[in-house]
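Notes follow the structure.
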Amino acid sequence: MGKMAAAMGSVATLATEPGEDAFRKLFRFYRQSRPGTPDLGGVIDFSAAHAARGTGPGAHKVIVSQLSVSSVSDHDAHRAGLQPVSKWRAYGLEGYPGFIFIPNPFLPGYQWHWVKQCLKLYSQKPNVCNLDKHMTKEETRDLWEQSKEFLRYKDMNKRRPRSLLEKLRWVTLGYHYNWDSKKYSADHYTPFPSDLAFLSEQIAAACGFQGFRAEAGILNYYRLDSTLGIHVDRSELDHSKPLLSFSFGQSAIFLLGGLKRDEAPTAMFMHSGDIMVMSGSSRLLNHAVPKVLPSPEGKSLPCCLETPLPAVLPRDSVAEPCSVEDWKAVVDRMHPSRETPRLQDVHCNATWSSEKSEIA
């Protein structure tokens, strides 16, 4: 509690800029925070043992969430690369109804599939990415193959041109989000990835949302110095459906606030494999990512990504084998010396109501 008090004290003494609200004040504090110091003492770590015991930073807010264990068979969980739901841990926060945090429920090695998909498959056409605004479809057709030689580059300290994959900031899936109008369009749709749809279905069912069908997704690719600004996800037409967020790669700090920016947010760590579900009243809360955290010194990736996929996968698994060559390219891509270690933050949601989906 001493560290937490020190951290909160630092926030309290932080100068407020003109027009700055409570959320922005904490966002700026954590944006400037330093790992290994009392700055992060007030951040909840759901993956730590103290979260289950109800002690540690923010413990007065942490509650255990009940999952629908019988809604997902062990077989379907395994197909998606997940542990049996009976082995998951799930938490909520007092004052945030509808918010569920599931610390890494993935089976050892299976995160390899999802990290590879984020970089290699989901970035491909016909999906839409930030590079499309400045390049032709032919130029962005296969970012992975175009970038392989850059990814194999051995002299990491030598200045060199960045590959297209390193310039990737976001990808949209299914119903594509228009960043200018802040809206989705029924006329702009490409097939949603079947493996990600199946994973989303199992997570949603375990959280009590039977029949969930992911129709839209946004992948955010973070550099070490990246942030995700304070915002509310209002663009979906059907807010009765949950928003799912999967995190892969480096850890980050996530801030969850209230309906208004003058409410101070709660800070929590997102580690690789962690899943957040926002439903009900939490669906329209302000949230942000002020900081991506580097791996411990000497580590290029989180420990959970050091375990490879099993050599033999279930016949009906949605995960696919990952070649040694592909994984080496992924590791090179996320190496700290590249100055672009990423947190792949995958948001999946139901954009339309079921009736509108069928019409569209």
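No hydrogens, no waters, no symmetry mates; every other heavy atom, side chains included, goes into these values.
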Sidechain-backbone polar pair: [X] side chain, [Y] backbone, donor-acceptor under 3.5 Å:
| X | Y | result |
| --- | --- | --- |
| S279 | G98 | yes |
| S65 | G92 | yes |
| W88 | Q83 | yes |
| R169 | E166 | yes |
| N286 | D262 | no |
| Y222 | G249 | no |
| D39 | R34 | yes |

**Message:** Just checking K125: does its NZ atom have more than 12 heavy atoms from other residues, nucleotides or ligands closer to it than 6.0 angstrom?
**Reply:**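 More than 12 within 6.0 Å, yes.
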**Asked** Between Y91 and F46, is the ring centre distance below 6.0 Å?
**Response**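 Yes, they do, as the ring centres are separated by less than 6.0 Å.
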**Request:** State, with a plain yes or no, whether a side-chain heavy atom of K167 is found less than 4.5 Å away from one of L131.
**Result:**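 They are in contact (side-chain heavy atoms under 4.5 Å apart), so the answer is yes.
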**Request:** Would you check if D21 and K260 make a side-chain contact, meaning some heavy-atom pair closer than 4.5 Å?
**Result:**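 D21 does not reach K260 side chain to side chain.
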Taking the six-membered ring for Trp, are [X] and [Y] parallel (under 30°), tilted (30 to 60°) or perpendicular (over 60°)?
| X | Y | result |
| --- | --- | --- |
| F99 | F254 | parallel |
| F246 | F248 | parallel |
| W112 | W327 | parallel |

**Request:** Test salt bridge (Lys or Arg N to Asp or Glu O under 4.0 Å) on D180 and K133 and set out the steps.
**Result:** CA-CA 12 Å; D180 296 323; K133 290 189 174 184; 3.8 Å; yes
**Request:** Go through E138 and R141 one step at a time and tell me if the salt bridge (Lys or Arg N to Asp or Glu O under 4.0 Å) criterion holds.
**Result:** CA-CA 5 Å; E138 285 302 317; R141 182 162 300 280; 3.2 Å; yes
